[in-house]
2 protein chains.
Amino acid sequence: MPDDALQTTEDAPIKLGELTNGLGFLIRIAQVKLFENFFEHLGEYGLKPGEFTVLWVIGLNPGLRQGTVANTLHIKPAHMTKLTGRLVERGLVSRATPADDRRAVRLSLTPEGQKFVDSKKDAFLNHNFDEKEALSPEEAEQLISLLRKFTGLNACP
Amino acid sequence: MPDDALQTTEDAPIKLGELTNGLGFLIRIAQVKLFENFFEHLGEYGLKPGEFTVLWVIGLNPGLRQGTVANTLHIKPAHMTKLTGRLVERGLVSRATPADDRRAVRLSLTPEGQKFVDSKKDAFLNHNFDEKEALSPEEAEQLISLLRKFTGLNACP
DNA sequence: AGAAATTAGTTTACGCGGAAACTAAATGAG
DNA sequence: CTCATTTAGTTTCCGCGTAAACTAATTTCT
């Protein structure tokens, strides 16, 4: 009999103490929840959150340099190389070496990439809203606002 | 000349669009910030956030089963085995196989482990407060409260 | 101009965390 | 009691993300 409530092991009331006030801990748990939700809803498209985000940013800033994307999204250069490679292989992104600085790599969406972003945009950007079950719309707005302040993402055009 | 402001690549104003409203994105950025801060302040002790958390929970619930810790902290069993192994190797945790169920593993802090938790407790649990530069104390409290609600961690003894 | 230093990105090697397969112990059906 | 099933952890294997070393292009210094 398949039981989806995996109440494994014992049931003693675990004490977490002040841990539940730890921002780091809470963020990690929230992260896990969002990750699960992402794959449940958007996993079918075969892209991971970071890949989708990169696609989105390239779409908004065509010809952006790879390193700039990496800095902006806090992705390490080494990882960025691989991530870009995956998107190129899927035919969603194209690389270009500009003549004025031949070390650089500039990224753009291919027509397919653009089409993909256009069609999946809403599912991607609004997928969080499904997730805020536990929060009222106002609370959700507040949470986002506080996080934006915490991360220093208020000064953005 | 060492320059700590790594304003690499170009300086065009990158558009992020609705991304800055994305809970998933914000959580990730916050995660990165907290991670950096953790290692900056607590890295010297040679423990990672998850390890410290496990130590803390075992300290509060001596003799807890390994699987219960894993479930509670959303750590996968396979990983839990390795993580516990590391803590045992460092002499902070001891494993015990109870007679009533010899498949289980029960965890406790060694005296050293207890001493470690006692002495580092404040640095660990309050290290977030250094981090809330951008937020007023009230905002920080609010953020934590909202996250606790979002993650469903209100019903905890 | 030519050597030294910086900068952009890639390659290599490695540790962490996870899925799947596996071992061992406890429970259940006949 | 014996065989099948379930449960607790472990082991194996793999991909992701990172640090460190490396290549190539650009800039700076003299």
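In what follows, chains are A, B, ... by sequence order, proteins preceding strands, each numbered from 1.
Mapping A:A78 and A:P98 onto DNA chain D by nearest heavy atom places A:A78 closer to the 5' end of the strand. Mapping A:H74 and A:D101 onto DNA chain D by nearest heavy atom places A:H74 at the nucleotide closer to the 5' end. The nearest heavy atom of DNA chain C to A:M80 and to B:E51 marks one nucleotide each, and the one closer to the 5' end goes with A:M80.
Side-chain N/O atoms of B:R102 include one lying less than 4.0 angstrom from OP1 or OP2 on C:dA25. When the side-chain nitrogen and oxygen atoms of B:R65 are compared with OP1 and OP2 of D:dG9, one or more of them lie within a distance under 4.0 Å. Listed pair B:K48 / C:dC16 meets the phosphate criterion, a side-chain N or O lying under 4.0 Å from OP1 or OP2. Close to D:dG17, at under 4.0 Å from its OP1 or OP2, lies no side-chain N or O of B:R28. Checking the phosphate oxygens (OP1, OP2) of D:dG17, a side-chain nitrogen or oxygen of A:R86 falls inside 4.0 Å.
Atom-to-atom, CD of A:Q66 to C1' of D:dA24 comes out at 15 Å; the value is rounded to the nearest Å. Taking atom CG of residue A:D100 and atom C1' of nucleotide D:dT27, one finds them 14 Å apart after rounding to whole Å. Regarding A:H79, its NE2 atom lies at a distance of 18 Å from the C1' atom of C:dA8, rounded to whole Å. Between B:R95 atom CZ and D:dA8 atom C1' the separation is 13 Å, expressed in whole Å. Atoms CG (A:L83) and P (D:dG17) sit 7 Å apart, rounded to a whole Å. Protein atom CZ of A:F39 is 13 Å distant from nucleotide atom C1' of C:dG17, rounded to whole Å. Here C:dG17 presents its C1' atom at 13 Å from CD of A:Q31, a figure rounded to the nearest Å. Following rounding to the nearest Å, A:R103 (CZ) and D:dA25 (P) show an atom-to-atom distance of 10 Å.
The pair A:R90-A:E112 does not count as a salt bridge, with every side-chain nitrogen at least 4.0 angstrom from each carboxylate oxygen. Between B:E51 and B:K48, at least one side-chain nitrogen of the basic residue sits less than 4.0 Å from a carboxylate oxygen of the acidic one, meeting the salt-bridge criterion.
A donor-acceptor contact under 3.5 Å is formed by the side chain of A:K82 with the base of D:dT18.
In the set C:dA26, C:dT10, D:dT11, the nucleotide with an atom closest to the side chain of A:V105 is C:dT10.
Between B:F116 and B:F124, the ring centre distance reaches or exceeds 6.0 Å.
Side chain of B:W56 to backbone of A:L16: a donor-acceptor contact under 3.5 angstrom is found.
Backbone-only contact: B:A104 has heavy atoms under 4.0 Å from sugar-phosphate atoms and none from a base.
Here the CG-NZ distance, from A:L64 to B:K15, works out to 11.0 Å after rounding to the nearest 0.5 Å.
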